[in-house]
Peer 1: 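Pasting a structure below so you can have a look.
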Amino acid sequence: MDKAKFEAVNLQGRGQLVRTAALAELTFDGLLGVQGKKVVRRPDKTPSDEFLAGVWRDVPAEKPKNWLQYVHNKAATAEEPVRDQLAEAGVITLRAKRSLLSPIASHQVTVNDPQQVLALRETARNAVLAGTDPAAVPADELAMTVLPVECEMVSVFTWKEMSEHKRTLEALAERFDELAPGLRKALRDSFLVVRGVGGGWGK
């Protein structure tokens, strides 16, 4: 936040992160079911959020499938609709035209209330720094804490902090796995694929 920009190291894999967060929310809300380490759609009701509804529809209702394809296959197009929703809500202002030549240009935005971002960041950090019992951490805060670590995003925890709090992060990750078995691993696998080929920038 002090530099008012996204560092390149925190851009790769954001599409995967956004889709995984959506899948986690849908699972926590009971709109997706988990059988073993596979996911299936529960056709009870359609989510009111347009992006969540799109992710929900991607998952079949007939037969459980592996998480990875729903994290990975549409990751490149996941960030844009969420960014547009934030802009429409007045949370951010788009600052630059999107460019096919630079993966960073399309991510240049102005955050209209930086304190909102800082508050969310502190929420994600508190579960680790306060040593909270993983079972007592709300599911949404658990996802905010665990998932960025899988994408090696140092905007939440520095490398030093991730090393110092390794055991705590592992305990929180285990708790997340109890709530959404297989989803965290799918995110990590997808991230490693895009990092290895220099992709995962999103649009």
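In this text, all values refer to a predicted model and were calculated from it rather than measured experimentally.
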Peer 1: Indicate, with yes or no, if V39 and L68 share a hydrophobic cluster defined by side-chain heavy-atom contacts under 4.5 Å among Ile, Leu, Val, Met, Phe, Trp and Tyr.
Peer 2: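 Different clusters.
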Peer 1: Working to the nearest 0.5 angstrom, can you tell me the gap between K65 NZ and R41 CZ?
Peer 2: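 Separation between the atoms: 13.0 Å.
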Peer 1: Between F157 and V149, which heavy-atom pair has the shortest distance, and what is it?
Peer 2: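 Looking at all heavy atoms of both residues, the closest pair is CD1-CG2, 4.0 Å.
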Peer 1: Are the side chain of D29 and the backbone of L31 linked by a donor-acceptor contact shorter than 3.5 Å?
Peer 2: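 No, D29 side chain to L31 backbone: no donor-acceptor pair under 3.5 Å.
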Peer 1: Please tell me if the side chains of V55 and L26 come closer than 4.5 Å, counting only heavy atoms from C-beta onward.
Peer 2: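 The answer is yes; the side chains approach within 4.5 Å.
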Peer 1: Would you please name every residue forming a side-chain contact (heavy atoms from CB on, under 4.5 Å) with V18, sequence neighbours left out?
Peer 2: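 V18 satisfies side-chain contact (heavy atoms from CB on, under 4.5 Å) with F51, A78, V82 only.
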Peer 1: Search all heavy atoms of G36 against all heavy atoms of P181 and return the closest pair with its distance.
Peer 2: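 Here G36 and P181 meet closest at O-CB, 3.6 Å.
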Peer 1: Considering only heavy atoms from C-beta outward, does the side chain of F191 approach that of T20 to under 4.5 Å?
Peer 2: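 A side-chain contact under 4.5 Å is absent here.
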Peer 1: If you measure from CD on Q69 to NZ on K74, what distance do you get to the nearest 0.5 Å?
Peer 2: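 NZ of K74 is found 10.5 Å from CD of Q69.
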Peer 1: To the closest 0.5 Å, what do you measure between CH2 (W56) and NZ (K45)?
Peer 2: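 Reported to 0.5 Å precision, the distance equals 10.5 Å.
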Peer 1: Just jot down the side-chain hydrogen bond (donor to acceptor under 3.5 Å, both in side chains) partners of S190, sequence neighbours excluded, or say none.
Peer 2: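 For S190 the side-chain hydrogen bond (donor to acceptor under 3.5 Å, both in side chains) partners, ignoring immediate neighbours, are Q16, H72.
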Peer 1: Test of understanding: with side-chain hydrogen bond (donor to acceptor under 3.5 Å, both in side chains), list the residues that count as partners of R125, not counting sequence neighbours.
Peer 2: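 side-chain hydrogen bond (donor to acceptor under 3.5 Å, both in side chains) check on R125 returns E161.
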Peer 1: How many angstroms lie between OH in Y70 and CG in L23, if you round to the nearest 0.5 Å?
Peer 2: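 It comes to 9.5 Å.
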Peer 1: How far apart are the closest heavy atoms of A124 and T145, and which atoms are they?
Peer 2: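 A124 and T145 have their closest heavy atoms at O-OG1, 2.6 Å.
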Peer 1: Among residues at least two apart in sequence or on other chains, which ones pass side-chain contact (heavy atoms from CB on, under 4.5 Å) with D113?
Peer 2: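 Per chain and number, D113 pairs via side-chain contact (heavy atoms from CB on, under 4.5 Å) with Q115, Q116.
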Peer 1: Under a 3.5 Å distance rule, please check whether R121 uses its side chain to pair with a backbone N or O of S155 as donor and acceptor.
Peer 2: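 Yes, the answer is positive, given that a donor and an acceptor are paired below the 3.5 Å cut-off.
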Peer 1: With sequence neighbours left out, write down each residue that passes salt bridge (Lys or Arg N to Asp or Glu O under 4.0 Å) with E178, or none if nothing qualifies.
Peer 2: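 E178 satisfies salt bridge (Lys or Arg N to Asp or Glu O under 4.0 Å) with R175 once adjacent residues are dropped.
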Peer 1: Measure the CZ-NZ distance between R184 and K37 for me, rounded to the nearest 0.5 Å.
Peer 2: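 Answer rounded to 0.5 Å: 9.5 Å.
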Peer 1: Would you confirm whether W159, through its side chain, and E152, through its main-chain N or O, come within 3.5 Å as a donor-acceptor pair?
Peer 2: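 No.
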Peer 1: Could you tell me whether the side chain of T27 reaches within less than 4.5 Å of the side chain of L179, counting heavy atoms only?
Peer 2: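 A side-chain contact is absent here, since even the closest heavy-atom pair is not under 4.5 Å.
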Peer 1: Considering all heavy atoms of both residues, which atom of L17 and which atom of P148 are nearest to each other, and what is their separation?
Peer 2: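 Closest heavy-atom pair between L17 and P148: CD1-N, 4.0 Å.
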Peer 1: Indicate yes or no: at least one non-hydrogen side-chain atom of T46 is less than 4.5 angstrom from one of R57.
Peer 2: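 Yes, at least one pair of side-chain atoms sits under 4.5 Å.
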Peer 1: Where do L187 and C151 come nearest, in terms of heavy atoms and distance?
Peer 2: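 Minimum heavy-atom contact is CD1-SG, 3.7 Å.
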Peer 1: Please write out which residues are connected to L120 in a hydrophobic cluster, directly or through intermediates, given that two of Ile, Leu, Val, Met, Phe, Trp, Tyr count as joined at side-chain heavy-atom separations below 4.5 angstrom.
Peer 2: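 Result for L120 is M144.
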Peer 1: Answer yes or no: is there a side-chain heavy-atom contact under 4.5 Å between N126 and T132?
Peer 2: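 Counting from C-beta outward, N126 and T132 never come under 4.5 Å.
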Peer 1: Please indicate whether E122 has more than 12 foreign heavy atoms, meaning atoms of other residues, nucleotides or ligands, lying under 6.0 Å from its CD.
Peer 2: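 For E122, atom CD is crowded (more than 12 foreign heavy atoms under 6.0 Å).
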Peer 1: Return the CG to CD distance between D84 and E79, rounded to the nearest 0.5 Å.
Peer 2: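 Between atom CG of D84 and atom CD of E79 there are 10.0 Å.
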Peer 1: Who passes side-chain contact (heavy atoms from CB on, under 4.5 Å) against P114, sequence neighbours left out?
Peer 2: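 Testing P114 for side-chain contact (heavy atoms from CB on, under 4.5 Å), a comparison that skips the adjacent residues, returns M1.
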Peer 1: Is V40 isolated, or which residues cluster with it under the ILVMFWY side-chain rule of less than 4.5 Å, directly or via members?
Peer 2: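 Hydrophobic cluster check, V40: no partners found.
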Peer 1: Flag the pair H165 / L129 as yes when at least one side-chain heavy-atom distance between them is below 4.5 Å, and no otherwise.
Peer 2: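 Yes, their side chains come closer than 4.5 Å.
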Peer 1: For R19, which residues count as a salt bridge (Lys or Arg N to Asp or Glu O under 4.0 Å) partner, sequence neighbours excluded?
Peer 2: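 Scan of R19 (salt bridge (Lys or Arg N to Asp or Glu O under 4.0 Å), adjacent residues dropped) gives D58.
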Peer 1: Who pairs with A119 by side-chain contact (heavy atoms from CB on, under 4.5 Å), at least two apart in sequence or on another chain?
Peer 2: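 Not a single residue meets the side-chain contact (heavy atoms from CB on, under 4.5 Å) criterion with A119.
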Peer 1: Can you name the salt bridge (Lys or Arg N to Asp or Glu O under 4.0 Å) partners of D189, sequence neighbours left out?
Peer 2: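 Checked D189 against salt bridge (Lys or Arg N to Asp or Glu O under 4.0 Å); matches are K185.
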Peer 1: Test L147 against L183 for side-chain contact (heavy atoms from CB on, under 4.5 Å), laying out the working first.
Peer 2: CA-CA 10 Å; L147 299 182; L183 179 55; 5.8 Å; no
Peer 1: Does the side chain of R42 come within less than 4.5 Å of L32's, by heavy atoms?
Peer 2: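 No, too far: nothing below the 4.5 Å cut-off.
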Peer 1: So, for A87 and L94, which heavy atoms are closest and what is the spacing to 0.1 Å?
Peer 2: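 Closest pair (atom of A87, atom of L94, distance): CB-CG, 4.2 Å.
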Peer 1: For N112, give me all partners under side-chain hydrogen bond (donor to acceptor under 3.5 Å, both in side chains), at least two apart in sequence or on another chain.
Peer 2: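 N112 satisfies side-chain hydrogen bond (donor to acceptor under 3.5 Å, both in side chains) with T93 once adjacent residues are dropped.
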Peer 1: Counting C-beta onward and ignoring hydrogens, is there a side-chain heavy-atom pair between Q85 and D49 closer than 4.5 Å?
Peer 2: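 Answer yes - side chains close enough.
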